[in-house]
Amino acid sequence: MVTRPRLYSGMQPSADSLQIGNYIGALMQWRELQQSYQAFFSVVDLHALTQPNDPAELREKTRRTAAQYIAGGIEPSRATLYVQSHVPAHAELQWILTTLTGEGEARRMTQYKDKVARYGKDAASVGLLVYPMLMAADILLYQTDIVPVGEDQKQHVELTRDLAERFNARYGRAFTVPMPVIQRETGRIYDLQNPTAKMSKSAESDAGVLWLLDDPAVTAKKIMRAVTDSEGSVRYDRQAKPGVSNLLVIYAALTGRQIPAIEDEYAGRGYGDFKKDLAEVVVNEFAPVRERALALLADPAELDRVLAVNAGRAEEVANATLADVYDKVGLLRRA
Ligand code: ATP
Ligand code: LTN
């Protein structure tokens, strides 16, 4: 049997629903790539603890995130889809990796700096600082070749590569050095109300966020109200027309069409028509995914069973890497 190269990715259970950036920037790629790669997808609940959470809500968001992976096309019999905290090796390898990371190196991560700026130094936990080492552990435990993520995660994957190389050079080769895979145009979908800021599950206002599980009427309304400009022509220009450009990227990503073809179709027509059609495209894309997700969530015991079986598969791979790492760094094996 030819072994397929490995792929790893994950999302935080930081909301009840995924947003369209997660869908276009990550899930659509995952769905394609699971065919040609041996894929591992996790719901990174330990990462989500870096934000304040209500415990019961976190559990529910974890299930909901997993259900949306499956509803969006991840096949849990083909790919390994599991919950991060079900595989203790993640937290264990993270510890080893923190000992290889410079404190200054960790503080240079943009996401950390952004969050410190947003929440203040005292509200930002040490967990937030070591977040990228947990992410590196996720990736490195599975001898991952590629990591499909949105643009915002590129720096973390670069750090993961550095840590893998550092470990391999110091202790002998334990890790595959992974490559980030980032879609150029769709790697960053912007907030519809603030089209220069990344759309995010934890945005302060939800008016510019398109949720996968939103009611279709709400989704359509948000698109009709998306910020544009006064020029009135449907034309891609990231600098001058960030709002319209973002809508064009969403349109193109969901229909598989090229942006110039869409521009031609709407030449001489206003934003109203364009937005109305886009709303239809998004609603038609989301409706079946939403239905499947809600059906899966109606049977949480079955969902939990699937996640448990998949965690078992993940654990086999992860534990083998961790045992090798423990040996290499000189931890005494338990007799
Ligand atoms: P949070 O606000 O809680 O950080 P998020 O919406 O930014 O959540 P994550 O769970 O951090 O999402 O990321 C899941 C995946 O979705 C990652 O691969 C990330 O790069 C991608 N992603 C998130 N937001 C966008 C976006 N606006 N455009 C493209 N990809 C995105
Ligand atoms: N930090 C990532 C989520 C994440 C991840 C990973 C992505 C955690 N571990 C491993 C790819 C591979 C984010 O999207 N915020």
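First listed ligand is number 1; within each ligand, the first listed atom is number 1.
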Inset, instruction - Please confirm whether Tyr131 comes within less than 3.5 Å of ligand 2 when only nitrogen or oxygen atoms on both sides are compared. - result: yes
Legend entry - Side chain Glu60, main chain Glu57, donor-acceptor under 3.5 Å: no
Legend entry - atom 9 (N) of ligand 2: nearest protein contact (heavy atom, Å): Asp138 OD2, 2.6 Å
Inset, instruction - Could you name the option among Met135, His47, His90 that has the heavy atom nearest to atom 6 (C) of ligand 2? - result: Met135
Legend entry - Backbone of Ser245 reached by a side-chain donor or acceptor of Asp237 within 3.5 Å: no
Legend entry - Donor-acceptor contact present, side-chain Thr144 to main-chain Ile139, <3.5 Å: yes
Check ligand 1 for close polar pairs with the protein: N or O on both sides, less than 3.5 Å.
residue  : atom   : partner : partner atom : Å
ligand 1 : 2 (O)  : Ser200  : OG           : 2.5
ligand 1 : 2 (O)  : Lys201  : N            : 3.4
ligand 1 : 2 (O)  : Ser202  : N            : 3.1
ligand 1 : 2 (O)  : Ser202  : OG           : 2.4
ligand 1 : 3 (O)  : Ser14   : OG           : 2.6
ligand 1 : 3 (O)  : Ser202  : OG           : 3.2
ligand 1 : 6 (O)  : Gln19   : NE2          : 2.8
ligand 1 : 6 (O)  : Asn22   : ND2          : 3.3
ligand 1 : 6 (O)  : Lys201  : N            : 2.9
ligand 1 : 7 (O)  : Lys198  : NZ           : 2.5
ligand 1 : 8 (O)  : Lys201  : NZ           : 3.2
ligand 1 : 10 (O) : Gln12   : N            : 3.0
ligand 1 : 10 (O) : Lys201  : NZ           : 2.6
ligand 1 : 12 (O) : Asn22   : ND2          : 3.1
ligand 1 : 12 (O) : Lys201  : NZ           : 3.3
ligand 1 : 16 (O) : Asn22   : ND2          : 3.1
ligand 1 : 18 (O) : Gly150  : N            : 3.2
ligand 1 : 20 (O) : Gly150  : N            : 2.8
ligand 1 : 20 (O) : Asp152  : OD1          : 2.6
ligand 1 : 24 (N) : Gln19   : NE2          : 3.1
ligand 1 : 24 (N) : Lys198  : NZ           : 2.9
ligand 1 : 24 (N) : Met199  : O            : 3.4
ligand 1 : 27 (N) : Ile189  : O            : 2.7
ligand 1 : 27 (N) : Met199  : O            : 2.9
ligand 1 : 28 (N) : Ile189  : N            : 2.8
ligand 1 : 30 (N) : Gly21   : O            : 3.2

Inset, instruction - Tell me which protein heavy atom sits closest to atom 2 (C) of ligand 2, plus the residue, atom name and distance to 0.1 Å. - result: Gln153 OE1, 3.4 Å
Inset, instruction - Would you mind listing which atoms of ligand 2 come within a distance below 4.0 Å of any non-hydrogen atom of Tyr8? - result: 10 (C), 12 (C)
Legend entry - Side-chain donor/acceptor of Gln34 to backbone N/O of Pro76, under 3.5 Å: no
Inset, instruction - Pull out every atom of ligand 2 sitting under 4.0 Å from any heavy atom of Val44, numbered as shown with elements. - result: 8 (C), 9 (N)
Legend entry - Under-4.0 Å heavy-atom contact with ligand 2, by part of Val149 that carries it: side chain
Inset, instruction - Mind telling me whether His90 and Tyr82 have parallel, tilted or perpendicular rings, with 30° and 60° as the class edges? - result: tilted
Legend entry - Residue part near ligand 2, for Leu134, under 4.0 Å between non-hydrogen atoms: neither
Legend entry - Part of Val147 within contact of ligand 2 (heavy atoms, under 4.0 Å): side chain
Inset, instruction - Any chance you could measure Gln29, atom CD, to Tyr23, atom OH, to the nearest 0.5 Å? - result: 11.0 Å
Inset, instruction - Determine the interplanar angle of the Tyr69 and Phe41 rings, folded into 0 to 90°, and report it as parallel if under 30°, tilted if 30 to 60°, perpendicular if over 60°. - result: perpendicular
Inset, instruction - Check Gln12 against ligand 2 and report side chain, backbone, both or neither, counting heavy atoms closer than 4.0 Å. - result: side chain
Legend entry - Side-chain heavy atoms of Tyr8 within contact of Leu140, under 4.5 Å: no
Inset, instruction - Give every residue pair that meets the salt bridge (charged side-chain N to carboxylate O under 4.0 Å, His left out) criterion with at least one member in residues 75-87, sequence neighbours excluded. - result: Glu75-Arg78
Legend entry - atom 3 (C) of ligand 2 [closest protein heavy-atom partner, distance rounded to 0.1 Å]: Gly10 O, 3.6 Å
Legend entry - Any donor-acceptor N/O pair, Gln12 side chain to Val44 backbone, under 3.5 Å: no
Legend entry - Short side-chain donor-acceptor distance under 3.5 Å, Tyr271 and Asp229: yes
